[in-house]
Amino acid sequence: MGKRRGYIFTDKKGSNRAWMAVILGIISLVSLGIVIFGAYRSGGQAKTGYGFTALLAMIYSLTGLVLGIVTILNKNYYKPVPAAGILLNGAALACIGLILYMGGYLQ
């Protein structure tokens, strides 16, 4: 079979920054889920390591959010992957905010 010839209708490409934003969002959401489950299993008594893990998840989420926004503003890249990164990291930051709000509200 010969080489396939066709037309390229776009010059857009995928971005490694967008994929990194998605990966950071997944890591932060999974780690927050593990922290919440661990605190639930211990009767609501969160260990110091759980707080440190949530802090790292917040740093990962902020970094992923910045990477997703920078990539989605560039017109040379496809939009769905950075949009997914922004959504995942925004959800992780919303979870952290909810945890902090409920922690201050319930005490």
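- Under the 4.5 Å side-chain heavy-atom criterion for Ile, Leu, Val, Met, Phe, Trp and Tyr, Val81 and Ile26 are members of the same hydrophobic cluster.
- Note on Leu93 and Leu100: same hydrophobic cluster, where clusters join Ile, Leu, Val, Met, Phe, Trp and Tyr whose side-chain heavy atoms are under 4.5 Å apart, directly or indirectly.
- Inter-residue side-chain proximity for Thr53 and Ile34 is flagged as unmet; no heavy-atom pair is nearer than 4.5 Å.
- A single hydrophobic cluster is seen to contain both Leu65 and Ile72, as judged by linkage of ILVMFWY side chains at heavy-atom distances under 4.5 Å, directly or through other members.
- In terms of heavy-atom proximity, Leu32 sits nearest to Ala57 at CG-CB, 4.0 Å.
- Using cut-offs of 30° and 60° on the angle between ring planes, the pair Tyr40 and Phe37 is tilted.
- Among all heavy-atom pairs drawn from Thr71 and Leu67, the shortest one is OG1-O, 2.7 Å.
- Residues Tyr77 and Ser15 approach most closely at CD2-CB, 3.6 Å, considering heavy atoms.
- Using a distance-only test at 3.5 Å, with no hydrogens or angles considered, a donor-acceptor pair links the side chain of Ser28 to the main chain of Gly25.
- Here OG of Ser61 is found 8.0 Å from CG of Leu24. Values are rounded to the nearest 0.5 Å.
- Counting all heavy atoms, side chain and backbone alike, Tyr50 lies closest to Ala46 at CD1-CA, 3.8 Å.
- At distances below 3.5 Å, at least one donor-acceptor pair connects side-chain atoms of Asn89 with backbone N or O atoms of Ala21.
- Within 6.0 Å of atom NZ in Lys79, more than 12 heavy atoms from other residues, nucleotides or ligands are found, so the atom counts as buried in its surroundings.
- Hydrophobic clustering (ILVMFWY, side-chain heavy atoms < 4.5 Å, transitive): Val30 and Ile23 are in distinct clusters.
- Note: Leu88 CG to Ile27 CD1 = 11.5 Å, rounded to the nearest 0.5 Å.
- Once rounded to the nearest 0.5 Å, the distance linking CE of Met20 with OG1 of Thr63 reads 10.5 Å.
- At a threshold of 4.5 Å between side-chain heavy atoms, the hydrophobic network of Ile, Leu, Val, Met, Phe, Trp and Tyr places Leu62 and Ile99 in one connected group.
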